[in-house]
Amino acid sequence: MGPPGAGKGTQGALLAEWLAIPRYATGDILRAARRADTPLGRQARRYMDAGELVPDAVVLDLVVEVLDGDEAENGYVLDGFPRTVTQARGLADLLAARGEQLDAVIYLEVPDEELQRRMAGRAAVEDRADDTPETIRHRLGVYRQATEPVLRWYRESDVSVIDVVGVGTVADIQAEIRSRLAM
Ligand code: AMP
């Protein structure tokens, strides 16, 4: 978990590679659905462009589908999900039904100024319609309002939350994540 621009995608991919397990990133899946112009993609488009969250029911259906097709027995990294308490509760039900549980929630903490700088840079490189200055501000607001409560929810549960400062080199941050997970 972490705000937009915290490095979830970068760090999640490295972590999944290290653990040799798949990474399921709802943002990536939604972007692919848009490119392929599927019904899901068409449904998600306007929310994504506005920097809003795609409705919980849509995202939960998507995750159910992804995990149904999951063949990995050694787990998976979820990236960018859950983003609301409703999604977190949905995930808890889903995991319970599968007889699985979360090993850890990794929270990448990055100051707002740094996030805005990173997302502006990413907008130039990746041509993401949701990385314009106005949408970036909006997405940070959505994060504070809808997603931070998820972190509080996990902290009050018995899931272990690993707080990692997401500033520094990619390699150092990844090393910190790996050592904290191994503890
Ligand atoms: P991301 O690549 O994770 O930053 O996601 C890009 C956009 O996809 C977000 O701004 C949302 O519009 C949408 N999205 C991705 N994951 C979720 C989620 N778990 N719940 C709702 N919307 C999501």
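Numbering of ligands and ligand atoms starts at 1, following listing order. Nothing here was measured: the structure is a model prediction, and the numbers come from that model.
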Asker: Flag Val54 as yes when one of its N or O atoms lies below 3.5 Å from any N or O atom of ligand 1, and as no otherwise.
Answerer: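 The answer is yes, given that Val54 and ligand 1 share an N or O pair closer than 3.5 Å.
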Asker: Near Gln87, which atoms of ligand 1 are under 4.0 Å from a heavy atom of that residue?
Answerer: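 In order of number, 18 (C), 19 (N), 20 (N), 21 (C).
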Asker: Please confirm whether Asp28 comes within less than 3.5 Å of ligand 1 when only nitrogen or oxygen atoms on both sides are compared.
Answerer: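 No - when backbone and side-chain N and O of Asp28 are compared with those of ligand 1, no distance drops under 3.5 Å.
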Asker: Going by the order shown, which atoms of ligand 1 are within less than 4.0 Å of some heavy atom of Arg139?
Answerer: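 Listed by number with element: 4 (O), 10 (O).
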Asker: Can you tell whether the side chains of Asp163 and Arg155 come within less than 4.0 Å, N to carboxylate O?
Answerer: yes
Asker: So, are Arg137 and Glu134 salt-bridged, with charged N and O less than 4.0 Å apart?
Answerer: no
Asker: Using a strict 4.0 Å cut-off to heavy atoms of Phe81, name the atoms of ligand 1 that fall inside it.
Answerer: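 The list of qualifying atoms is 19 (N).
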Asker: Could you list the donor-acceptor pairs under 3.5 angstrom formed between side-chain atoms of residues 10-22 and any protein atom two or more places apart in sequence or on another chain?
Answerer:
residue	atom	partner	partner atom	Å
Gln11	OE1	Gln174	N	3.3
Gln11	OE1	Gln174	NE2	2.6
Gln11	NE2	Val170	O	3.2

Asker: What I want to know is whether Gly51 and ligand 1 share at least one N or O pair that is separated by under 3.5 angstrom.
Answerer: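 Checking ligand 1 against Gly51, no N or O pair falls under 3.5 Å apart.
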Asker: So for ligand 1, is Arg83 a polar contact partner (N or O within less than 3.5 Å, distance only)?
Answerer: yes
Asker: Give every residue pair that meets the salt bridge (Lys or Arg N to Asp or Glu O under 4.0 Å) criterion with at least one member in residues 165-180, sequence neighbours excluded.
Answerer: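 Counting only pairs at least two positions apart or across chains, the salt bridge (Lys or Arg N to Asp or Glu O under 4.0 Å) contacts touching residues 165-180 are Glu176-Arg180.
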Asker: Is there a side-chain contact between Gln101 and Asp158, using heavy atoms and a 4.5 Å cut-off?
Answerer: no
Asker: Does some non-hydrogen atom of Lys8 fall short of 4.0 Å from ligand 1?
Answerer: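 Heavy atoms of Lys8 never come under 4.0 Å of ligand 1.
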Asker: Hey, which atoms in ligand 1 end up nearer than 4.0 Å to a heavy atom of Glu52?
Answerer: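 So the atoms of ligand 1 that pass are 11 (C), 12 (O).
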Asker: Answer yes or no: is there a side-chain heavy-atom contact under 4.5 Å between Leu140 and Pro3?
Answerer: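 Yes, at least one pair of side-chain atoms sits under 4.5 Å.
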Asker: Answer yes when Arg118 and Glu114 have at least one side-chain N-carboxylate O distance shorter than 4.0 Å, and no when they do not.
Answerer: yes
Asker: Could you see which bit of Leu53 sits under 4.0 Å from ligand 1, with heavy atoms only: side chain, backbone, both or neither?
Answerer: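 The part of Leu53 near ligand 1 is both the backbone and the side chain.
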